[in-house]
Amino acid sequence: MDWPEKVKKMQADWIGRSYGSEIAFHVEGANDTITVFTTRADTLFGATYMVLAPEHPLVPRIITPDTRAAVEEYVERALARSSVDRMTLTKEKTGAFTGGYAINPINGRRLPIWIADYVLMDYGTGAVMGVPGHDERDFEFATAFRLPIPRVIAPVEAARRDIEKAAAMPLDHAETDYGVMVNSGGFDGMTSEEGKKAVTEKLAKDGMGRFTVNYKMRDWVFSRQRYWGEPIPIVHCEKCGEVGVPEEDLPVMLPRVERYEPTGTGESPLAAISEWVNTTCPKCGGPAKRETNTMPQWAGSCWYFIRYIDPNNGEQLCDPAKADAWLPVDLYVGGIEHAVLHLLYSRFYVKFLYDIGAIGFDEPFARLFNQGMVYKDGAKMSKSKGNVVSPDEMVERYGADSLRLYELFMGPPELDSEWNDSGIEGMYRFLNRVWRLVNSHADRRVSATAAGAARRASGQATGGADAAAPVAPRRATGRASAALERERHRAAMEVTQRLEAFKLNTAVSALMSYVNALNDWVDENGSVDTASLETLARLLAPFAPHIAEELWQRLGHDESVFVVKWPEYDPEKVQEDLVTLPVQVNGKLRGTIQVHRGAPEDEVLAAAREAGTVVRHITGKQIVKEIYAPGKIVNIVVR
RNA sequence: GCCGGAGUGGCGGAACAGGCAGACGCGCACGACUCAAAAUCGUGUACCUUCGGGUAUGUGGGUUCGAUUCCCACCUUCGGCACCA
C-alpha cells in the first residue's frame with residue numbers, strides 16, 4: 001500500500017496488537033481466579049501485589065467487611081470520574097486495598113489485591129499483576145502505598161560481570177528494559193525473551209497460563225437514533241426476541257415519508273412511523289417491531305465506492321469484470337483526520353468482502369494522499385472563531401477558477417497553509433492575462449515559423465477591448481521560433497511532471513512562467529503561434545477548467561478541451577544548445593560563461609578562467625583543482 | 001512522556017539526484033498611460049558595504065572543491081497518541 005507511514009502507524013497503534021501471556025492467580029480462600037494479561041511474564045517473580053479495575057466484576061466478592069466501606073467509596077469516586085477526566089486529571093496513583101489476597105502461581109507467594117483506576121476494565125482482562133521493579137506505573141503505585149519493590153531483572157552487562165551482585169542492586173526507578181532474570185528461582189540467568197517463553201510454558205503445564213494476543217480495539221456503538229441511515233435488519237419479537245431479517249427480504253428500506261421528526265422520547269424518528277415499525281416475526285409470524293435505530297454515516301462510506309462502479313446491478317454487489325477494471329481505487333485524496341476511523345474501517349469492510357468472495361481485492365485504496373488544512377489567522381477555520389472564508393463570496397468576486405487556482409498555488413498540498421485574501425487577487429490577474437493573451441491572438445491561425453509574417457492577416461480581432469492589442473511589426477526568424485517551440489515543450493514537460501509528482505503549487509507556477517514567456521514573445525514579435533496557445537489551454541484545463549474550455553473553443557475547436565489529448569513533450573527539444581554555467585572560485589560565485597552543450601572540458605575550463613572577476617581571484621594564486629560538473633557548474637580551487 | 005511534520009526575504013513559497021539560494025505569486029517603491037483615479041503595462045525590491053567585496057536558508061558542530069539539501073547535537077513550533085499492563 002502506497003500510504004503515508006504516519007497513517008499506517010496511526011492505524012497500527014489504534015489496533016494495538018500486543019503479544020503476551022495470560023496468567024491465572026487463585027484468590028486465597030475462594031474458588032475465584034483472577035486472570036491478568038502481561039507482556040512481561042519474565043517479571044512474574046517480581047509481582048508484589050495485584051490490581052483490579054474499579055469496575056471489575058470480582059471486586060464485590062473479594063472485599064472483606066472491614067474494607068467494604070473504603071473500597072465502595074473508591075469505586076464510586078472512580079466511576080464518577082468520566083473517562084475524559086481520567087485523562088486530564090493528574091496521573092497520581094490512587095487505589096484501595098480490598099482485603100483479599102491472590103496466590104502467585106509461579107512461587108505460591110501471597111499478593112494483596114488492590115483496586116486502582118490506573119487499570120482499565122476495557123483493556124486486557126481488567127486486572128494486572130503489580131511488578132513495581134520493572135514497570136513505571138506499578139513503581140509509582142508501589143511507592144505511593146509503600147509496597148515492596150524487588151528486583152527480578154538485571155541489566156545484561158551487570159549480570160555478565162557478577163550475577164550475584166547484579167541481583168542485589170537496589171532499584172530507585174522502574175527498569176523496564178529487557179535483561180537477565182534474577183531472584184527468580186530456577187529461571188535465574190535466562191534472558192527476558194527466554195524467560196517470557198519458559199515461564200508461560202511452565203504455567204501452561206499447570207493450567208495457569210497461556211500465550212495470547214491482545215488488541216487495543218474497543219467496542220464502538222454502531223447505531224444512531226435518526227432517520228437518515230441504513231436500517232439495521234433486526235426485528236424484535238415478543239416471543240422470539242431479536243430475530244435477523246432473512247436474506248431474501250434484504251435490504252430493509254427506509255419508509256418514504258413527507259417528514260421525519262424527533263419523537264421527543266429519545267427514540268429514533270422511525271419509531272413514530274407505525275406502518276413501518278410494525279411487522280411480523282420472520283420466525284413465528286407473530287406481531288413484532290422493527291429495529292428503529294439506523295447505521296452511522298461511516299457504515300456506508302466504508303464501501304460505497306464498490307457500488308459506484310455498478311450501481312444498477314440487482315444480482316450482486318458489483319460485476320467482477322467491472323471491479324477488475326476499476327478497483328481498487330488508484331488514488332484517494334483525503335484529510336489526515338480520517339486516518340483511523342473511516343480509512344481503517346473501510347479496510348476492514350473490504351477485507352471481509354474479500355473473505356466472503358464478493359470482491360477480488362483486499363485493500364480499498366492503493367495510494368493515499370493526505371492534503372493539509374487551510375488555516376486563517378493561525379487557526380483552523382471555524383464559525384465559532386469567526387475566521388471562515390466563504391467560498392461563495394470568492395467565487396462571486398473572482399470566479400471558481402481563480403479560487404481553485406489559488407488553493408492549489410498556496411503551498412505544497414500535503415502541508416497546512418495560511419489563507420491570504422490578496423493571494424487570490426494574483427490568480428485573478430493571472431487568468432485575466434491568459435484571457436487577453438489568447439483572445440488577442442486566437443483567430444489568427446498563425447504557424448510557428450510564420451508568426452510575424454502572418455500578423456497582418458489578423459485584421460478582424462475577437463471584438464471588444466481585446467482587439468486593440470498593440471502589435472509591433474517585426475519578423476520572427478526561424479531560430480527565434482525554435483525558442484518558442486522550446487518554451488512550449490518546456491511548459492508541457494514541467495506541468496506534466498509536477499502534476500504527476502503532486503507538486504501542484506509548482507505546476508501552477510510553471511503555467512505562469514509559460515504565460516510570461518508567451519507575453520514576452522508577443523512584445524518582441526507582435527504575435528504568437530496557435531500551437532503555443534492551444535498548449536496553454538490544454539495545460540490550463542485541469543487547473544482552471546472553465547476558462548480553459550472557453551479559450552479552447554475560441555481557438556476554433558468544437559470538441560471539449562477535456563476530450564483532446566494531453567500535450568506531449570520531447571525532452572530533447574527542451575534542451576538549449578547554449579547553456580549558462582556559473583563559475584566559482586573556492587565555492588564563491590565569480591562569474592558565468594556561455595558554453596555549447598557537450599563542449600570539451602578543457603575548452604570550458606579555459607573560458608571559465610576568463611569569466612567575470614575570476615581572473616582577479618586566481619592571479620598570483622596556485623590552482624589546486626578544477627571541478628567541472630557538465631551542465632551544472634565550474635569550481636576553481638586556489639590556494 | 002512517546003511518535004510524526006515544519007523552521008528559507010516584509011508575506012505565501014521555489015530549488016530535479018550535493019552545483020548560480022530566493023523561481024512563481026503577494027506586498028511595497030518608482031515610472032508609463034490618464035484631467036484624475038481604477039484597471040493595465042514597465043522597472044526595482046535579502047542584509048551590510050570603505051563599492052573591492054562581505055554575510056545570509058532556526059542554533060552549534062561535521063563531511064565535501066561546493067550543503068537549504070547528507071551526518072551529529074540542540075532550540076522553536078504545529079499535529080497525533082497518551083496509565084493499553
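Convention: sequence-line order gives letters A, B, ...; per-chain numbering from 1. Please read all numbers here as calculations on a predicted model, not as lab measurements.
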Please state the [atom1] separation for the pair [N] and [M] - nearest whole angstrom.
{"N": "B:G60", "M": "B:U69", "atom1": "P", "answer": "13 Å"}
{"N": "B:G13", "M": "B:U49", "atom1": "P", "answer": "31 Å"}
{"N": "B:G61", "M": "B:A46", "atom1": "P", "answer": "28 Å"}
{"N": "B:A67", "M": "B:A15", "atom1": "C1'", "answer": "13 Å"}
{"N": "B:G79", "M": "B:C71", "atom1": "C1'", "answer": "27 Å"}
{"N": "B:C11", "M": "B:C33", "atom1": "P", "answer": "35 Å"}
{"N": "B:A56", "M": "B:U8", "atom1": "C1'", "answer": "10 Å"}
{"N": "B:A21", "M": "B:A14", "atom1": "C1'", "answer": "10 Å"}

Using a heavy-atom cut-off of 4.0 Å across all strands, would you classify [X] as base, sugar-phosphate, or nothing?
{"X": "A:D122", "answer": "nothing"}
{"X": "A:V637", "answer": "sugar-phosphate"}
{"X": "A:G16", "answer": "nothing"}
{"X": "A:R17", "answer": "nothing"}

Residue [X], side-chain heavy atoms: nucleotide from [options] that is nearest:
{"X": "A:N420", "options": "B:C11, B:C24, B:A85", "result": "B:C11"}
{"X": "A:S509", "options": "B:G19, B:C24, B:G80", "result": "B:C24"}
{"X": "A:R616", "options": "B:G52, B:G25, B:G19", "result": "B:G52"}
{"X": "A:A629", "options": "B:G19, B:A85, B:C83", "result": "B:G19"}
{"X": "A:M427", "options": "B:G25, B:A85, B:G54", "result": "B:G25"}
{"X": "A:P412", "options": "B:G42, B:A85, B:A14", "result": "B:A14"}
{"X": "A:Q584", "options": "B:C11, B:G19, B:A85", "result": "B:G19"}
{"X": "A:T506", "options": "B:C65, B:A85, B:A14", "result": "B:A14"}
{"X": "A:T580", "options": "B:G12, B:C20, B:G53", "result": "B:C20"}
{"X": "A:P582", "options": "B:A85, B:C24, B:C20", "result": "B:C20"}

Handout entry: Nearest-nucleotide comparison on RNA chain B, the residue closer to the 5′ end among A:Y406 and A:N635
Key = A:Y406
Fill in the blank from the handout: By nearest-nucleotide position on RNA chain B, the 5'-leaning member of A:L415 and A:L589 is A:L415
Nearest whole Å is fine: how far is [N] [atom2] from [X] [atom1]?
{"X": "A:L405", "N": "B:G13", "atom1": "CG", "atom2": "P", "value": "17 Å"}
{"X": "A:D416", "N": "B:C78", "atom1": "CG", "atom2": "P", "value": "12 Å"}
{"X": "A:L341", "N": "B:C81", "atom1": "CG", "atom2": "P", "value": "10 Å"}
{"X": "A:I633", "N": "B:U64", "atom1": "CD1", "atom2": "P", "value": "18 Å"}
{"X": "A:F543", "N": "B:G25", "atom1": "CZ", "atom2": "P", "value": "16 Å"}
{"X": "A:E425", "N": "B:A38", "atom1": "CD", "atom2": "P", "value": "13 Å"}
{"X": "A:N432", "N": "B:A38", "atom1": "CG", "atom2": "C1'", "value": "14 Å"}

Handout entry: Candidate pair A:V638 and A:H617, rule side chain to side chain contact (heavy atoms under 4.5 Å, CB included), full reasoning
Key = CA-CA 9 Å; A:V638 297; A:H617 287 95; over 6 Å; no
If the plane angle is over 60° it's perpendicular, under 30° parallel, otherwise tilted; pick one for [X] and [Y].
{"X": "A:F145", "Y": "A:W114", "result": "tilted"}
{"X": "A:Y428", "Y": "A:Y398", "result": "perpendicular"}
{"X": "A:F37", "Y": "A:Y123", "result": "perpendicular"}

Any side-chain N or O of [X] under 4.0 Å from OP1/OP2 of [N]?
{"X": "A:R436", "N": "B:C41", "result": "yes"}
{"X": "A:S422", "N": "B:C11", "result": "no"}
{"X": "A:R429", "N": "B:G27", "result": "yes"}
{"X": "A:K503", "N": "B:A15", "result": "yes"}
{"X": "A:K625", "N": "B:C65", "result": "yes"}
{"X": "A:K632", "N": "B:G66", "result": "no"}
{"X": "A:R498", "N": "B:C24", "result": "no"}
{"X": "A:N505", "N": "B:A14", "result": "yes"}

Practice task
Run the salt-bridge test on A:E407 and A:R404 with the 4.0 Å N-O cut-off and return the result as yes or no.
Solution key: no
Exercise for the section: Go through the side-chain N and O atoms of A:Y406 and A:D421 and say whether any donor and acceptor fall under 3.5 Å apart. Expected result: no
Exercise for the section: Report the C-alpha separation of A:Y118 and A:D138 in whole Å, then their side-chain angles, then the decisive distance to 0.1 Å, and conclude whether the side-chain hydrogen bond (donor to acceptor under 3.5 Å, both in side chains) test is met. Expected result: CA-CA 9 Å; A:Y118 83 90; A:D138 295 344; 2.7 Å; yes
Practice task
Classify the glycosidic conformation of B:G52 as syn or anti, calling it syn when the angle lies within 90° of 0.
Solution key: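 Syn.
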Problem - Glycosidic conformation of B:G9, taking syn as within 90° of 0 and anti otherwise - result: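 Here B:G9 takes the syn form, which means its glycosidic angle is within 90° of 0.
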Handout entry: Check: A:V434 and A:L511 side chains under 4.5 Å, non-hydrogen atoms
Key =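 No - every pair of side-chain heavy atoms lies 4.5 Å or more apart.
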Handout entry: Residue A:E396 excluded, over 12 heavy atoms near CD under 6.0 Å
Key =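 No, the 6.0 Å shell around CD holds no more than 12 heavy atoms from other groups.
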Problem - A:W14 atom CH2, neighbour heavy-atom count above 12 within 6.0 Å - result: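 12 or below, so no.
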Problem - Short side-chain to backbone donor-acceptor contact, A:D401 and A:I547, under 3.5 Å - result: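 Flag set: sc A:D401 to bb A:I547 pair under 3.5 Å.
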Practice task
Find the runs of at least 3 consecutive base pairs, i with j, i+1 with j-1 and so on, that include RNA chain B, using Watson-Crick or G-U wobble geometry with both distances under 3.5 Å.
Solution key: B:1-7 with B:75-81, B:10-12 with B:24-26, B:27-32 with B:40-45, B:46-48 with B:53-55, B:58-62 with B:70-74
